[in-house]
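The structure appears below as structure tokens.
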Amino acid sequence: MQEEITTVQCPQCRKDVIWDQLSPWRPFCSKRCQMIDLGEWAAEEKRIPADDKLSEDEEWSGE
């Protein structure tokens, strides 16, 4: 029985990436694409949508 190969698209450049241990940067195709993505998050070019109930000025409670 042959094992099915799972592929995903690199979130940065959209190349196909095989999803297994032979692809160390998955879901990215390369270290370069991984670092570009990380830089975009660090520069706050990307964000996770948040609930507007808290403003940026409000304190977070750890409870």
Side-chain angles (χ1 to χ4, degrees):
M1 187 155 102
Q2 195 170 15
E3 194 174 317
E4 186 176 321
I5 297 173
T6 302
T7 60
V8 296
Q9 283 189 331
C10 174
Q12 194 64 40
C13 72
R14 304 292 181 215
K15 285 184 187 176
D16 285 337
V17 178
I18 296 174
W19 191 271
D20 70 10
Q21 292 180 357
L22 297 176
S23 302
W25 309 115
R26 65 186 183 274
F28 302 97
C29 67
S30 65
K31 179 72 171 177
R32 178 181 180 274
C33 281
Q34 183 186 49
M35 295 308 291
I36 290 170
D37 187 76
L38 177 61
E40 289 172 351
W41 282 99
E44 296 186 2
E45 295 171 18
K46 292 184 177 181
R47 298 180 132 199
I48 296 173
D51 192 352
D52 289 338
K53 290 180 184 175
L54 289 177
S55 73
E56 299 253 344
D57 298 329
E58 290 183 75
E59 293 290 321
W60 283 84
S61 69
E63 300 172 19

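- Closest non-hydrogen pair, Ile36 versus Gln12, comes out as CG2-NE2, 3.3 Å.
- Taking every heavy atom of both residues into account, Cys13 and Cys29 meet most closely at SG-SG, 3.5 Å.
- Using a 4.5 Å cut-off between side-chain heavy atoms of Ile, Leu, Val, Met, Phe, Trp and Tyr, with links allowed through other members, Val17 and Trp19 fall into the same hydrophobic cluster.
- Closest approach of Pro11 to Pro27, counting heavy atoms only: CD-O, 3.3 Å.
- At most 12 non-hydrogen atoms from other residues, nucleotides or ligands lie less than 6.0 angstrom from NZ of Lys15.
- By the 6.0 Å contact criterion, CD1 on Ile18 is open, its count of non-hydrogen atoms from other residues, nucleotides or ligands being 12 or less.
- Rounding to the nearest 0.5 angstrom, the gap separating the CZ atom in Arg26 from the CD atom in Gln21 is 6.5 Å.
- In terms of heavy-atom proximity, Gln34 sits nearest to Trp25 at OE1-CE3, 3.4 Å.
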